[in-house]
Structures are given as C-alpha cells and as structure tokens.
Amino acid sequence: MSAERLSRRAVLAGAGALVVSFSLLPRDLLAQAPGGPKLPGSLEKSPMLDAWIRIDPDGKITIFTGKAELGQGIKTALIQLAAEELVVAPEAIHLVTADTALTPDEGYTAGSHSMQDSGTAIRHAAAQAREVLIGAAAARWQVPPERLQAKDGAVVADDGRRAGYGELVSGELLHVRAEPDVKPVAPTQHRIVGRSLARVDIPAKVAGGEAYVQDLRFADMVHGRVVRPPSYGAKLRGIDLGAVRNVAGLLKVYWDGSYLAVIAESEYQAIAAARALSTVSQWEERPTLPEPAELFDWLAAQPSQRVPVRDDLGEMPSGARIVEASYRREYQMHGSIGPSCAVGLFKDGALTVWTHSQGVYPLRGAIAQLTQLPPDNVRCIQVEGSGCYGHNGADDAGADAALLAMALPGRPVRVQWMREDEHAWEPYGSPMITTARAALGPDGRIQAWDYSVRSCVHATRPGPAGNLMPAWHRAQPIEQPAPKPLPLPEGGGHRNAVPLYTIPNARVLYDFIPVMPVRVSALRSLGAYMNVFSIESFIDELAQAAQADPVEFRLRHLDDARAREVVSTATDRFGWAQYKREKGRGRGFAFARYKNLAAYMALAVEIELDLESGRVRLRRAIAAVDSGEAVNPDGIKNQIEGGILQSASWTLYESVAFDRTRITSRDWGSYPILRFSAVPDEVEVHVIDRPGMPFLGTGEASQGPTAAAIANAIADATGVRLRDIPLTATRVKAAVGV
C-alpha cells in the first residue's frame with residue numbers, strides 16, 4: 001500500500017472519464033432544491049452520481065461509500081447492490097470505503113445505518129447510472145432506449161449491437177444529479193441481491209493477509225508508543241530522560257505537558273523505550289472516581305437533566321395490580337481483541353492517517369483542530385480494525401499517530417496501543433439504572449406503564465478535538481466539550497426506552513447525567529442494550545404476575561404483524577410449546593425492534609446452570625430477524641450470531657473494575673470475557689426476507705434481546721430474578737442461596 005498522499009481528482013481523473021470531485025463543487029450546487037423531493041439514503045447529502053460511481057474507459061467499475069467495514073459485512077452487501085443494478089458480476093465491482101480524499105462524507109458508521117443510508121444511495125445511484133448509459137447508447141445509435149438493455153458491463157441492442165460501459169463514458173457523463181424517482185431492478189428480477197455471497201473481507205483474515213490496520217507495513221516505517229498517565233487527570237511532574245539514553249534505535253522523545261511518547265526504528269525498541277520512561281515518570285494523581293461499591297448510589301444522587309420521552313399516563317388505574325422492579329448495569333468496555341492502532345505520515349505539509357475510526361470525516365476535523373492544520377491538508381483513510389462496534393480507542397490512536405508523524409516528518413509512524421492502554425483508556429459504556437412500574441388489569445393485559453432510565457452520556461466521539469484523549473494531556477490542553485443527550489428517534493440512554501407493545505397509558509422518562517468521572521461513549525447499541533434488558537425482563541415478571549406464558553403474554557400486546565412473525569418464528573423453531581424442563585436448565589425469550597424503527601429480532605434461549613458454582617452457560621439460542629430486504633442473508637446471520645455471543649459475554653461476565661483513583665481492569669484476567677468453552681452448542685438465525693422493502697439496520701438488533709432472554713432463562717431455571725448486569729456466577733450463586 002502506498003503511503004503517498006493522493007487526491008480524489010488524481011485517482012479518478014482519466015482519459016475519457018473525467019470526474020470532478022463532489023467536494024470541489026459549490027455548497028449551494030450540491031444542495032437539493034428547496035421543496036424538492038427527498039433523495040434516497042445518503043444521496044440527499046451527496047447527490048452527484050460520480051460521488052458514488054466511477055467507470056473507467058477500460059470498463060472498470062469503482063463504487064464509493066463513506067461507510068466503513070467493521071466486520072459487519074457491508075463491503076459484500078454494497079458490492080451486491082451495485083452489481084445488481086449495473087448488471088455485472090460482483091467480481092467486476094471495486095469498492096472504496098471511507099476515505100476523506102475519495103468517498104462521500106457519510107459521517108459515522110454507527111447506529112446500524114450502513115444499508116439504509118449508503119446501501120440505498122448506491123442502489124439508486126447505480127440504477128440511474130444504468131439508465132444514463134443506456135441513454136448514451138440510444139443517442140449514439142439513434143434508437144429508442146426501450147430497444148436496449150444493460151448486460152455484463154455493456155449496453156446491448158436488440159439487433160446485436162454492443163457497447164461496453166467504458167466506451168460510453170465520456171466527458172462528464174456521470175457528473176449529474178441523482179433523481180428521486182429512479183426505479184431499481186424489480187425484486188422478481190434479482191440475480192445477486194438476496195443470495196448469500198461469500199464475504200469479501202474474510203479471506204485475508206483467515207489466511208493471515210493484510211486484513212486490519214494492525215497489519216499495515218510501509219517502507220521506512222517507524223514505531224511510536226505513548227506513556228499513558230496512570231489515571232484520569234494525572235499530571236506529569238517530572239521525568240529522567242536519561243533513562244532512554246542507551247535504548248537502541250530510539251529516534252525521538254516527544255514530551256508535551258503530560259503527553260509523553262517515543263519513536264523508534266523497531267516496535268520492540270519503542271516498547272523498551274516507553275517502559276524505561278514509565279519507570280522514571282513522576283505523576284501527581286487524585287482520587288476522582290466514585291467509590292466502586294457505591295456506584296449506583298452515586299449515579300442516583302447526581303444532578304440530571306430530565307428528558308420526557310412519552311407522557312400520556314395520568315394516574316395508575318385504581319384497583320389494578322401494580323408490579324414494580326428496578327434494574328442496573330455497571331460500566332462495560334469494548335474490549336477490542338486487537339488493541340487500537342493507526343499509522344500517520346506527515347510529508348510536504350500534508351498529513352495522512354490510516355485509522356480504524358468509524359468516522360473519518362469527523363476525525364479529520366478533530367485532527368485538524370488538534371494539529372492546527374487546514375482540514376484540506378489532513379486525509380483520513382479507514383482500514384478495518386481488529387474488534388470495534390462503538391467508540392473504542394481508534395480515534396485516539398489516530399490522534400497519537402498524527403502528533404508523532406508531525407514530530408518526525410517524512411516517515412510513516414505506526415502507533416500500536418498496548419493491552420493496558422486499550423482497557424484503561426478506551427471510552428466505556430455508561431452505567432445505567434432503570435425503574436419500571438406497571439398496572440395489570442383483570443383481563444391480564446397491561447393497563448398502564450411507568451418507566452424511567454438514568455445514565456451518563458452515550459456519545460463523545462470526535463467531532464471536537466476535545467473528544468480525543470491525547471488532546472487532554474498536552475501542555476495546552478483542549479478540554480472535552482460538555483456532554484449532551486442524543487435526541488430521538490435515535491436516542492442515547494433512552495434508545496429503545498419505549499416498548500413496542502400496545503399499552504394505552506404510558507410514561508417514559510430519561511434522566512441524563514452530564515457528569516462523567518469515568519470516560520464513556522458509544523458502546524454497541526448504546527442505551528438499547530440496557531433498556532431492552534429491563535423492559536423484556538419486566539415483561540416476563542408481568543407475565544408471571546398474570547399467570548401467563550411469557551410468549552403468549554407478549555403476543556397479547558403486539559399489534560405489529562412483522563413483530564408477531566419474528567416472535568412466532570423464533571419460538572416455533574425453538575420448540576417453545578414442546579419444551580421439557582430439566583433440572584439445572586431453563587428457557588427464556590425476549591423481543592425488540594431496534595430503536596423501534598430498525599430490525600425486528602426475537603430470541604429464544606436455553607441455559608444450563610451449575611448450582612454449586614453459580615456458573616451459567618448459554619446452551620442454545622434460536623433467533624428470528626426481519627431486516628427488511630435481505631441483500632446477503634448470510635451477512636445478516638453473521639451479525640445476529642456475533643451480537644448474541646457479544647451480548648452473552650456482556651451479560652454474564654463483563655464489568656469494569658476501578659478504585660477511587662485508577663481503572664484496575666487492565667488485562668483479560670481483570671476483565672473476563674466469554675471464552676470458547678462457554679460458546680453455545682447451537683446458534684440458529686432465521687432471516688425473514690422482505691424483497692422490495694426498505695433496509696432495516698441489523699448490526700445492533702440482538703444486544704438487548706439476548707441479555708433479557710438469558711436473564712429470563714435464569715429466572716425460569718431457578719425461580720429467582722436477577723436484575724443487575726452482569727449476571728455473574730457469584731451473583732447467581734448468592735441469589736439462589738446454594
């Protein structure tokens with residue numbers, strides 16, 4: 001991979017296929033006409049076809065997306081969509097993902113938006129490009145377009161004449177505005193969409209190829225390591241630089257306030273130098289963290305901003321049976337398997353950063369502010385990272401690489417975090433408290449619902465340079481901006497706080513806590529994980545109070561036909577009605593529609609419980625998912641399967657440990673995760689395909705239902721309800737009392 005800085009114009013310009021960069025066009029030219037029809041997906045923001053599609057004179061087709069591959073398989077799905085509309089084989093499509101010099105600005109790859117935003121845009125852009133090419137051939141041959149069709153990278157006439165796409169592209173043929181009423185290929189005519197194609201990102205991962213940013217190696221590359229403070233707010237008061245005088249290969253010590261780093265010729269030399277400096281660094285620390293044993297008392301006592309979500313409750317009906325419960329979740333981390341990494345190159349006044357950030361454009365702005373470079377002189381190129389789903393250390397590592405690259409111009413600087421860096425400094429998922437109160441009528445239906453959720457912020461991504469951790473430690477620090485709650489319909493702490501069930505009278509409140517003693521941000525599904533866990537656990541408690549089967553009880557309150565179908569599919573495939581109870585085993589069920597506007601997901605599980613140790617193992621998980629149109633059904637299955645395993649790990653094992661001063665979960669021993677020995681015997685995912693329907697985000701659909709289904713299965717096996725995440729063996733054993 002070349003480390004040279006390259007502009008979009010340099011990459012895309014070619015004889016017979018001039019493409020003008022969308023980023024060079026006047027802002028008002030790119031905007032939709034006031035009052036005009038809304039364009040599909042991300043075309044609304046980047047409406048020029050050549051922002052999305054490039055066809056070379058030799059017929060090579062390049063598709064551009066501002067979304068990043070994170071392991072969710074979108075490269076494959078986006079290639080399928082483009083190939084379908086352009087009537088070529090998937091192998092004919094070259095896909096370029098998030099790169100500030102080449103691709104549209106689609107913000108963050110987050111919130112399960114890739115298919116509905118970028119997939120929709122690429123589908124419609126490719127469909128219109130097909131029409132434009134057919135129109136060019138019709139003009140060339142002076143025949144009606146109805147006599148022509150696109151096939152295998154060419155336009156073919158009914159009399160046998162044929163012109164390749166590359167022959168037809170000239171001047172600015174594709175430099176046209178997207179149209180809102182383009183008709184993609186009809187679902188009945190699909191050749192590629194709806195098929196489970198092998199994922200294009202997998203071969204390098206299993207064969208040891210250049211799959212991740214951690215694998216990047218450039219000629220003349222050097223290595224950086226940062227000596228992190230031991231705790232939040234720690235100040236570097238003294239250091240003996242003589243400790244690294246004899247470290248071989250050391251090129252530079254970078255010291256700016258409390259930001260201390262080294263650059264060396266080899267990675268081992270950089271590690272040795274950083275460790276040597278760490279032993280002679282003098283830090284001033286203060287106890288700024290809550291008392292760990294009193295975390296939830298602390299959370300309950302913090303001043304908060306009340307955000308009404310739904311309020312048509314009035315009073316609880318008199319004479320009804322009132323059921324109440326409260327649920328809690330501790331800090332949890334991403335725990336990325338590969339610690340964060342980035343490569344930076346500063347050359348000729350321009351800075352390039354290779355990063356596994358989920359938002360290259362926001363990161364470019366933050367790095368420009370951090371380095372005081374013009375944004376046009378900063379390029380961020382997304383390369384997949386080993387483990388992510390949320391705001392982990394990727395952006396911070398990108399900032400490290402930027403600072404160190406500027407300290408050593410002309411050579412690529414690779415910054416690889418250590419495990420203790422990742423665990424101690426990544427932004428965690430916020431602790432949360434939820435309370436639920438409901439009234440059951442004599443007919444066994446919910447008459448009223450009162451729910452509240454309390455949490456810190458769930459998004460502190462860059463944008464602002466103050467959201468980059470290295471910015472806090474320099475002599476002239478950039479303070480982190482005041483956190484704000486994310487608004488609905490996406491939401492942060494109140495994501496999925498409103499149940500999809502039909503409940504006539506309900507109140508839902510979000511108490512947003514701006515104080516943030518422990519760094520927190522986006523962890524996969526944000527508040528939806530905890531809210532669905534709480535709601536679906538409480539629904540089971542209500543079903544028990546109503547002496548009803550928990551699945552039947554849910555169906556009483558579900559009017560959405562698609563919701564009912566995923567519920568019945570999951571339970572039928574699980575064998576819910578035929579389930580035979582065994583000692584030490586239990587079954588559980590949960591359902592949600594992610595954000596109440598994305599994928600529907602239902603899950604039935606079986607757990608086995610060792611009463612002596614309290615150990616819970618997820619034995620079997622049977623899911624049904626409706627993601628709208630399924631472009632690559634196997635890709636959807638991958639997402640749900642992976643989400644089930646990740647959520648099982650969160651739910652049964654994971655919580656961040658700390659004392660009054662420091663994070664103490666700095667390795668896998670102090671932060672346990674799901675091991676291979678605990679992986680379920682069976683995970684089965686049934687995809688309900690809806691050809692022609694809008695794409696619904698899938699990547700975060702399984703987090704909440706999995707947590708609740710496991711908790712409900714533990715209650716089924718033991719008769720005891722656990723309401724605090726994680727549901728560790730210690731907590732299970734204490735609750736069961738064996």
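All values below were derived from every heavy atom in this structure, side-chain atoms included, with hydrogens, water molecules and symmetry-related copies excluded.
- When all heavy atoms are compared, the tightest approach of R191 to A83 is NH2-O, 3.1 Å.
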Please tabulate, for side-chain N and O atoms in residues 152-160, each donor-acceptor pair with protein atoms closer than 3.5 Å (sequence neighbours left out).
residue	atom	partner	partner atom	Å
D158	OD1	R147	NE	3.1
D158	OD1	R147	NH2	3.1
D158	OD2	R147	NE	3.2
D159	OD1	R161	N	3.1
D159	OD1	R161	NE	3.4
D159	OD2	R161	NE	3.0
D159	OD2	R161	NH2	3.0

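- Qualifying salt bridge (charged side-chain N to carboxylate O under 4.0 Å, His left out) partners for R364, counting only residues two or more places apart in sequence or in other chains: none.
- Partner of D395 under the side chain to side chain contact (heavy atoms under 4.5 Å, CB included) criterion, out of N467, D400, L468, V360: L468 alone.
- No cation-pi contact links R414 to F218, judged by a cut-off of 6.0 Å to the six-membered ring centre and 45° from its axis.
- To the nearest 0.5 Å, atoms CG (L403) and CD1 (I367) are separated by 8.5 Å.
- A salt bridge is absent between R217 and E210; no separation between the charged side-chain nitrogens and carboxylate oxygens falls under 4.0 Å.
- Among residues two or more places apart in sequence or in another chain, the side chain to side chain donor-acceptor pair (under 3.5 Å) test is passed with T120 by none.
- Looking at S357, its side chain does come within 3.5 Å of a backbone N or O of G359 through a donor-acceptor pair.
- For D634, there are no side chain to side chain donor-acceptor pair (under 3.5 Å) partners, not counting sequence neighbours.
- Side-chain N or O atoms of H686 include none that pairs as donor or acceptor with a backbone N or O of A623 at under 3.5 Å.
- Checked for salt-bridge contact, R123 and E629 meet the test: a charged N lies under 4.0 Å from a carboxylate O.
- Neither side chain, E69 nor T97, offers a donor N or O lying under 3.5 Å from an acceptor on the other.
- For the 3.5 Å distance criterion, the side chains of E106 and S118 qualify, holding a donor opposite an acceptor.
- Once rounded to the nearest 0.5 Å, the distance linking CD of Q116 with OG of S42 reads 9.0 Å.
- Looking at every heavy atom in both residues, G628 comes nearest to M693 through CA-CB, 4.5 Å.
- Listed by chain and residue number, R562, R690 satisfy the salt bridge (charged side-chain N to carboxylate O under 4.0 Å, His left out) test with D626 (two or more places apart in sequence, or in another chain).
- Every residue was checked against the salt bridge (charged side-chain N to carboxylate O under 4.0 Å, His left out) condition with E179, not counting sequence neighbours, and none meets it.
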